[in-house]
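Scroll down for the structure; my scribbles are underneath it.
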Amino acid sequence: MQINILKSMINSRHSLQAKFVGLMMFAILFSSCTEEIDVNVDSGETRLSVEATLTSDLKKHFVKLKESSDVFYDQEAVAVENASISVSDGSTNYQFIETKPGYYESENEFAGEPGKTYSLSITNVDVNKDGELEEYLASSTMKQPYAVDSIRLHYDPEYESEGRGDDDEEGEFWLVSLYMKDDIKTEDFYAFACRRNDILVHDTITEVLVQKDTYFNGETTKGVDVGEFDQAKPDEILRNNDKITLETYAIDEAYYDFVFQLQEMDEEQSMFSGPPGNISTNISNGAIGFFAVYSITRTSIILETD
């Protein structure tokens, strides 16, 4: 059985992740720095696929429910309808309503608060069709947002972005460099995505760069590349006076593991390889997917090419 996950630039994200680690090491020494893919996760019974995100943004948060589907099944995964969904922070319960098949939004806008633990409950579903209703639970604590000093943009006309297709490619890229200090007292996990003129460019889970602070714990990063804009992609072409925003997500280790494993699985998967092992999840009762809870720091800059 499998889960359908959106994908676009996964291999280039892995290239950037490797360069991120290398540049972090250099900075420390110098300054002491949509398309759908099918992921085969198991075979056998039908399982619930969950995509749920709760952030520090004031908005209506969402949960997507689908049934897992066969690897070579040529139809869209079946939406799971009529579920009862709620999120609790221990004192307030937030109810979710179904706005279209399998897509649920919180009835009211709310912002997740750092330090609070949020619990997700999904009931009134019978995914395995045995006549008995199932319950799925998950919980996660929102971390404090990271303090970013600044970002900068620099242009590379011959940037190597590995694995963009069958061969490695060179091309014109604008790169986003990060300046910040990591907290030596905590083990931190980061995720990065970019906006162009307030439109999220890296809008799928496989386009997000994830990184842990193993190589730069407590150090100051001075110009580490954590985002890229491919000038061969129409939605990533940058022009003078464009507003570029880096989103820095304060994620936990469990979500880091989930995204990293998913990206590794996608990179290595082929129709001739054996079925990979299950990716990690924080959702009970054998569900596939993740309940992601994280705070967001946004840092913007205006591109000036003149």
Side-chain angles (χ1 to χ4, degrees), residues 1-7 34-112 116-142 200 203-206 254-255 258-259 262 278-294:
M1 310 303 291
Q2 66 187 358
I3 176 174
N4 291 323
I5 302 290
L6 294 177
K7 164 202 175 178
T34 34
E35 131 199 37
E36 283 199 345
I37 63 169
D38 294 326
V39 179
N40 184 353
V41 294
D42 202 354
S43 60
E45 62 184 304
T46 300
R47 297 161 67 182
L48 181 67
S49 167
V50 180
E51 180 184 353
T53 303
L54 194 159
T55 74
S56 55
D57 284 348
L58 176 62
K59 67 175 188 177
K60 291 185 177 181
H61 302 278
F62 75 89
V63 175
K64 295 180 183 179
L65 301 182
K66 292 184 178 181
E67 293 180 1
S68 56
S69 55
D70 292 336
V71 176
F72 298 112
Y73 193 59
D74 60 0
Q75 297 183 15
E76 183 79 13
V78 178
V80 176
E81 303 180 56
N82 302 317
S84 296
I85 299 178
S86 66
V87 168
S88 173
D89 64 6
S91 58
T92 304
N93 288 319
Y94 302 96
Q95 300 299 319
F96 285 63
I97 58 175
E98 190 170 13
T99 57
K100 58 184 177 181
Y103 186 91
Y104 302 79
E105 286 187 341
S106 56
E107 286 187 306
N108 301 306
E109 293 185 344
F110 69 98
K116 285 190 174 182
T117 298
Y118 292 88
S119 299
L120 170 70
S121 171
I122 302 170
T123 59
N124 198 46
V125 294
D126 182 15
V127 176
N128 60 15
K129 307 297 190 298
D130 65 354
E132 296 184 7
L133 295 179
E134 302 141 16
E135 180 180 29
Y136 299 87
L137 303 173
S139 66
S140 183
T141 301
M142 182 172 289
L200 191 62
D203 58 355
T204 66
I205 195 171
T206 50
Y255 189 53
F258 170 76
V259 176
L262 181 64
N278 290 343
I279 58 176
S280 59
T281 181
N282 63 350
I283 304 171
S284 69
N285 207 12
I288 302 166
F290 210 89
F291 176 43
V293 175
Y294 53 86

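Any value given below was found using the heavy atoms of this structure, including those in side chains, with hydrogens, waters and symmetry copies removed.
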For Tyr136, check ring-ring contact (aromatic ring centres under 6.0 Å, His included) against everything at least two apart and list the hits.
-> none
Can you tell me how far OG of Ser119 sits from OH of Tyr94, rounded to the nearest 0.5 angstrom?
-> 12.5 Å
Side-chain atoms of residues 282-293: list all donor-acceptor pairs with protein atoms under 3.5 Å, sequence neighbours left out, distances to 0.1 Å.
residue	atom	partner	partner atom	Å
Asn282	OD1	Phe291	N	3.0
Asn282	ND2	Phe291	O	3.0
Ser284	OG	Leu137	N	2.8
Ser284	OG	Leu137	O	3.4
Asn285	ND2	Glu135	O	3.2

May I have the step-by-step check of side chain to side chain contact (heavy atoms under 4.5 Å, CB included) for Phe258 and Thr281, ending in yes or no?
-> CA-CA 7 Å; Phe258 170 76; Thr281 181; 5.6 Å; no
Would a distance-only check, ignoring hydrogens and angles, find a side-chain to backbone donor-acceptor pair under 3.5 Å from Asn124 to Asn82?
-> yes
Determine the minimum heavy-atom distance between Ala77 and Lys66, stating which atoms define it.
-> CB-CD, 3.9 Å
Gly131 backbone acceptor or donor facing Asp126 side chain under 3.5 Å | yes
Hey, could you give me the CD1/OH distance between Ile205 and Tyr255, rounded to the nearest 0.5 Å?
-> 4.0 Å
Quick one: pull up CG in Asn93 and CD in Glu107 and give me the separation to the nearest 0.5 Å.
-> 11.5 Å
Do any N or O atoms from the side chain of Thr46 and from the backbone of Glu67 form a donor-acceptor pair under 3.5 angstrom?
-> no
Point-to-point distance, once rounded to the nearest 0.5 Å, from NZ of Lys60 to OG1 of Thr99 = 8.5 Å
Between Thr117 and Thr141, which heavy-atom pair has the shortest distance, and what is it?
-> OG1-OG1, 2.6 Å
Heavy-atom donor-acceptor pair, Glu81 side chain to Pro101 backbone, under 3.5 Å = no
Which heavy atom of Ala52 sits nearest a heavy atom of Leu120, and at what distance?
-> CB-CD2, 4.1 Å
Shortest non-hydrogen contact from His61 toward Leu54 = ND1-CA, 3.8 Å
Grab the two heavy atoms, one from Asn128 and one from Glu134, that are nearest each other, plus how far apart they are.
-> OD1-OE2, 2.8 Å
Does atom NZ of Lys100 have more than 12 heavy-atom neighbours, drawn from other residues, nucleotides or ligands, at distances under 6.0 Å?
-> no
Atom pair CG (Leu65) and CD (Glu98), whose distance is rounded to the nearest 0.5 Å = 8.0 Å
Could you check if a side-chain atom of Glu105 sits within less than 4.5 angstrom of a side-chain atom of Tyr103, using non-hydrogen atoms only?
-> yes
With Gln95 as reference, evaluate Ser84, Ser86, Ser106 under the side-chain contact (heavy atoms from CB on, under 4.5 Å) test and give the passing residue.
-> Ser86
Rounded to the nearest 0.5 Å, how far apart are OG1 of Thr123 and CD1 of Ile85?
-> 8.5 Å
All heavy atoms of Ser280 vs all of Ala254, minimum pair found to be OG-O, 4.2 Å
